[in-house]
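Taking it in order: structure first as structure tokens, then the write-up.
It should be emphasised that the depicted structure is a prediction, and the values quoted were computed from it without experimental measurement. For the numbers below, each heavy atom of this structure counts, side chains included, while hydrogens, waters and symmetry mates do not. As the structure lists them, so they are numbered: ligands from 1, and atoms in each ligand from 1.
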Amino acid sequence: MNEHDPRYDAIIIGAGFAGMYMLKTLRDKGFRAHVYERGTDVGGTWYWNRYPGARCDIESLYYCYSFSDELQQEWRWTERYPSQPEILRYARHVADRFDLRRDISFDTNVRAAAFDERAGRWTVRTDDAEITARFLITAVGCLSATQTPDFPGIGTFRGESYHTGRWPHEEVDFTGKRVGVIGTGSSAIQAIPVIARQAAQVTVFQRTAQFSIPAQNHPLSPEEQRRVKADYARLRAEARMTQSGILAERLQHNATEVPAAEFKAELDRRWAIGGTTFTATYPDTLRDPAANELSANYVRGKIREIVDDPATAELLCPHDHPIGTKRICVDTDYYATYNRDNVSLVDIRHTPISAITPGGLRVGDRDFEFDIIAFATGYDAMTGPLNRIDIRGAGGLRLREKWADGPRTYLGLASSGFPNLFTITGPGSPSVLSNMIVSIEQHVEWIGAHLEHLRDNGFTRSEAAADAERTWGEHVNAVAAETLYPRAASWYMGANVPGKPRIFMPYIGGVGTYREHCREIAAGGYRGFHLTV
Ligand code: N01
């Protein structure tokens, strides 16, 4: 393709929920946009994460777009929490309904992107083509760069092995199989109970015990759907202004101020409701170590109640991080699964996995034999998906070099030195701390309006100013420091990837506060951006 291909105003990388809505938004505004997607279909996270038990832990009725009232009224969810196949069906429906596929190239990996200062355009290189556009918008997700530890002998295993984030499209049959699961994060906690029901034997390798809250999933009744749909506009508007984009009953008083019996009664009630909002019950849970310990202790008590074998229960009790500071997990029967005869837990905190072997894996001097190994070992989160593309800005500046000591962005939307590049749910935005769909819609609409502003005012170039970026970065760090989050060795902190700088990457100031800040910046003529003709 010609280097000055005039066909596109914008190139979007990724056809998940962010990329699809970005395409629709730009198209509606009269821009010529095109999406490159490495999968063979839309869906992003929900295209790749096909592991058994994969399910979203944001409620269905809110884990969907709000931009079209017809769409949100007509689509029928079947359960409180949507399963992966149902979310993928929804994504495909959206692609068909808005005729998005004609502007998406599937099976296409974006390898590199470079800003051509003279032309004021981005040149994007895929496996077999070069395309240019004035604007480049990344919709690559925050948890899409899978992370498989570099265990010695990793390629030698003779059985089947899969990462949860790259699960095969065909069903994996565990019947009669010996299965090893490495990791105990959200993915593993969902997959283990389902695999255990089918496999002959499941061995779980746990480095860090995790706090998990029951999903209390159930089929959605027609009344429940009707009630929410009748009030959608108000509920959505309210959710957009909350801390996390999720409606939750939040108490105004602190956990440390209530009598023990009242605290327990409240958490019993929240446990019965289930879901991620458990830690949002009291305002001090994620700020005050004493308050946090009350909730952590409550969950440890539940683990001891559920798990029959005391030694296994103790091993499953987290002690090394405040509850909620590693992403809280939501499960169906996770802890109870350890009461099954065919499930065992191996502690690898002090004696790590030393090798993958042809027959299985080795921990210290113990060899384990498996037919299947499931790597539930997570992601190079937030920066990984961007850094794995060779992105070069003005003067050849490489994004991954600029971010060598941690990501630097203005609002998580743009980075100085990278004109006309916009990052949907980038580091420095609420993203992973929120209902992603709420954050995606806000970013997409903000970027759409920004591009319209540039076009209407004759600007061809928008670049975050270095000082605005610095001030924003300081603010992101300052609000994180007021919480307990930086105390955990979490993927939010980059701690799960060897050598990755430890910095709290998302913005924890709140979805509502952030939205208002972005709105004010736009209303003030895009303060902090250099706009040039
Ligand atoms: O990944 P994780 P995930 N040796 O990073 C372990 C979202 N999500 O795919 O904690 C041994 O949480 C690692 O141990 P440690 C959600 O935001 C949502 O489960 O680093 N073990 C950990 O136990 C979630 O947080 C949903 O000590 C190693 C596990 O592997 C995010 O995705 C469902 C290891 C990785 O856990 C990621 O979740 C699923 C090593 N070398 C995912 N390296 C829902 O909506 C890593 N581990 C419900």
Any idea which atoms of ligand 1 are less than 4.0 Å away from a heavy-atom of [X]?
| X | result |
| --- | --- |
| Thr377 | 30 (O), 35 (C), 46 (C) |
| Thr184 | 22 (C), 23 (O), 29 (C) |
| Tyr51 | 33 (C), 39 (C) |
| Pro149 | 34 (C), 40 (C), 41 (N), 43 (N) |
| Gly378 | 1 (O), 5 (O), 9 (O), 35 (C) |
| Phe151 | 4 (N), 40 (C), 41 (N) |
| Lys326 | 10 (O), 15 (P) |
| Thr208 | 10 (O), 15 (P), 27 (O) |

Gln72 side chain to Arg236 side chain, donor-acceptor N/O pair below 3.5 angstrom: yes

Could you tell me whether Arg76 atom CZ has more than 12 heavy atoms of other residues or ligands within 6.0 Å of it?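 It does not: Arg76 CZ has 12 such atoms or fewer within range.
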
Can you establish whether the number of heavy atoms outside Arg340 located under 6.0 Å from its atom CZ is more than 12? yes

Would you please determine whether [X] falls within less than 4.0 Å of ligand 1 on a heavy-atom basis?
| X | value |
| --- | --- |
| Leu143 | yes |
| Gln147 | no |
| Pro352 | no |
| Val330 | no |
| Tyr63 | no |

Considering non-hydrogen atoms of the protein only, which is the closest contact for [atom], and what is the distance?
| atom | answer |
| --- | --- |
| atom 6 (C) of ligand 1 | Gly183 CA, 3.7 Å |
| atom 9 (O) of ligand 1 | Ser187 OG, 2.6 Å |
| atom 44 (C) of ligand 1 | Arg55 O, 3.4 Å |
| atom 8 (N) of ligand 1 | Ser186 CB, 3.8 Å |
| atom 36 (O) of ligand 1 | Gly185 CA, 3.6 Å |
| atom 11 (C) of ligand 1 | Ile348 CD1, 3.5 Å |
| atom 14 (O) of ligand 1 | Arg207 NE, 3.7 Å |

Any chance the rings of [X] and [Y] have centres within less than 6.0 Å?
| X | Y | answer |
| --- | --- | --- |
| Trp446 | His443 | no |
| His169 | Tyr47 | yes |
| Tyr63 | Trp77 | no |
| Trp167 | Tyr162 | yes |

Relative to each other, are the rings of Tyr65 and Tyr21 parallel, tilted or perpendicular (30° and 60° limits)? tilted

Got a salt bridge between Arg304 and Glu314, using NZ or NE/NH1/NH2 to carboxylate O under 4.0 Å?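 Result for this pair is yes, salt bridge flagged.
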
If you compare all heavy atoms of [X] against all heavy atoms of [Y], which two are closest, and at what distance to 0.1 Å?
| X | Y | value |
| --- | --- | --- |
| Ile424 | Met22 | CD1-SD, 3.8 Å |
| Ala376 | Val181 | CB-CG1, 4.5 Å |
| Ser439 | Val511 | OG-CG2, 4.2 Å |

Less than 3.5 Å between some nitrogen or oxygen of [X] and one of ligand 1, yes or no?
| X | answer |
| --- | --- |
| Ala376 | yes |
| Thr164 | no |
| Trp491 | yes |

How long is the span from the OG1 atom in Thr277 to the CZ atom in Arg270, to the nearest 0.5 Å?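 It is 6.5 Å, given to the nearest 0.5 Å.
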
Name the residue from Arg349, Lys326, Arg207 that meets the salt bridge (charged side-chain N to carboxylate O under 4.0 Å, His left out) definition with Asp320. Arg349

